[in-house]
Amino acid sequence: MTQRAGEDAAPDNLHIVKSGRQLRLFYRDEDPRDRDLRGVLWARCSFNPVDEHQMPTGEPEWRLMHPYRQMVTMQTMRCQICTQPTRTRFGYVFLAAPGDVDPEETDRLTNQPPVCARHVRTAAALCPYMKGQPAVLLTQNAPLYGVTGALYGLDGDGVKLVAKPDHPLPYGHPQLPTFLASQQVRRLKSYRVLTVDALMRLLSDDAA
């Protein structure tokens, strides 16, 4: 899901139309892939060619998520590294930065797609936020919550950026019709907090 060098934001051709009493944000050349399954408009970004393994080429820009790849992996609960299914017998595996998890919490939001068991250590090693020692959040329950991005409106010159909320808007929020999403967010519920090593032992013992 990481954005690669050479993958850039697409040209801005947004417009807003009034539908009944409500404004709605569109691309002038929109196609169905521009919206997620809940109908929210998605930020566009170019795509580099893929290699023989169908992985995007180009130097990874580790601090950036490609909007479309993030949305697809989060929406389908596929691995953020290899895009394969992620469910284990114990649930889905999500990672969080060291020290970013309150052991007393049982409910939190995340914009990080899950990882498969094979790539837990890879994700921990590659992501600069994880610093090699992430917390593992193991859950059976991770419903879609909402999106982060930018809110647009109209003035005398046309479409304008109104705000970039510092929190995700939940699906169903009244401002989503004029919102341009860049990341999808899930709510993790009733999760177990483990270390990477503890997770690997759990999965290994189950396979034995």
Side-chain angles (χ1 to χ4, degrees), residues 1-20 22-50 54-58 60-86 92 94-95 108-115 123 127 129 142-155 158-188:
M1 71 167 182
T2 304
Q3 193 165 315
R4 305 300 181 104
E7 293 181 325
D8 300 308
D12 184 356
N13 63 348
L14 294 168
H15 73 132
I16 290 179
V17 297
K18 192 169 185 179
S19 177
Q22 188 175 59
L23 298 179
R24 188 169 172 84
L25 188 68
F26 283 90
Y27 287 117
R28 293 187 183 276
D29 59 348
E30 187 173 319
D31 77 35
R33 292 170 294 181
D34 287 315
R35 294 185 182 270
D36 66 18
L37 293 179
R38 304 289 181 94
V40 176
L41 191 64
W42 218 256
R44 287 176 169 176
C45 185
S46 64
F47 292 86
N48 283 356
V50 296
Q54 298 302 301
M55 298 296 288
T57 56
E61 298 183 334
W62 296 113
R63 295 186 179 276
L64 298 177
M65 295 185 192
H66 189 283
Y68 186 80
R69 289 198 291 267
Q70 191 272 353
M71 181 263 288
V72 169
T73 51
M74 190 66 111
Q75 196 161 254
T76 59
M77 294 289 272
R78 295 287 179 131
C79 177
Q80 60 175 267
I81 301 293
C82 66
T83 72
Q84 294 302 303
T86 55
Y92 293 101
F94 291 84
L95 301 180
R108 66 180 281 135
L109 301 178
T110 184
N111 64 346
Q112 291 284 335
V115 293
C127 179
Y129 294 107
L144 284 173
Y145 173 80
V147 290
T148 61
L151 182 66
Y152 284 80
L154 282 174
D155 65 10
V159 177
K160 69 170 185 177
L161 176 65
V162 174
K164 289 186 175 181
D166 59 3
H167 57 277
L169 295 191
Y171 283 113
H173 192 282
Q175 291 181 319
L176 285 181
T178 54
F179 197 77
L180 186 67
S182 57
Q183 294 178 11
Q184 197 167 56
V185 175
R186 284 186 178 269
R187 182 186 292 277
L188 310 186

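Each residue takes its place number in the sequence, starting with 1.
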- Is NZ or CZ of Arg35 both nearer than 6.0 Å to the six-membered ring centre of Phe26 and within 45° of the ring axis?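 Checked: cation-pi criterion met.
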Rounded to the nearest 0.5 Å, how far does [atom2] of [Y] lie from [atom1] of [X]?
X	Y	atom1	atom2	result
Leu151	Leu180	CG	CG	10.0 Å
Glu30	Leu25	CD	CG	8.5 Å
Phe179	Lys164	CZ	NZ	10.5 Å
Leu95	Gln112	CG	CD	7.5 Å

- Test side-chain contact (heavy atoms from CB on, under 4.5 Å) applied to Asn111 and Met65, step by step: CA-CA 10 Å; Asn111 64 346; Met65 295 185 192; 3.8 Å; yes
Taking C-beta and beyond as the side chain, do [X] and [Y] meet within less than 4.5 Å on heavy atoms?
X	Y	answer
Thr148	Ser182	yes
Lys18	Ile16	no
Arg78	Val72	no
Phe94	Gln80	no

[X] to [Y] - nearest heavy-atom pair and separation:
X	Y	value
Gly153	Val162	N-CG2, 3.3 Å
Tyr27	Ala43	OH-CA, 3.6 Å
Thr73	Cys79	CG2-O, 3.9 Å
Asp36	Gln75	CB-OE1, 3.3 Å
Asp34	Arg44	OD2-NH2, 2.7 Å
Pro170	Leu176	O-CD1, 3.5 Å

- Message: I'd like to know if Arg33 and Asp31 make a salt bridge, using a cut-off of under 4.0 Å between side-chain N and carboxylate O.
- Response: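 Between Asp31 and Arg33 there is a salt bridge, with a charged N closer than 4.0 Å to a carboxylate O.
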- Check against side-chain contact (heavy atoms from CB on, under 4.5 Å), Val147 and Trp42: CA-CA 10 Å; Val147 290; Trp42 218 256; 3.6 Å; yes
- Item | Stepwise side-chain contact (heavy atoms from CB on, under 4.5 Å) test for Leu23 and Val17 | CA-CA 6 Å; Leu23 298 179; Val17 297; over 6 Å; no
Would you find a donor on one side and an acceptor on the other, under 3.5 Å apart, between the side chain of [X] and the backbone of [Y]?
X	Y	answer
Arg186	Met74	yes
Tyr145	Thr110	no
Thr86	Met77	yes
Gln22	Pro177	no
Gln183	Gln70	no

- Message: Walk me through whether Leu41 and Tyr152 qualify under side-chain contact (heavy atoms from CB on, under 4.5 Å).
- Response: CA-CA 11 Å; Leu41 191 64; Tyr152 284 80; over 6 Å; no
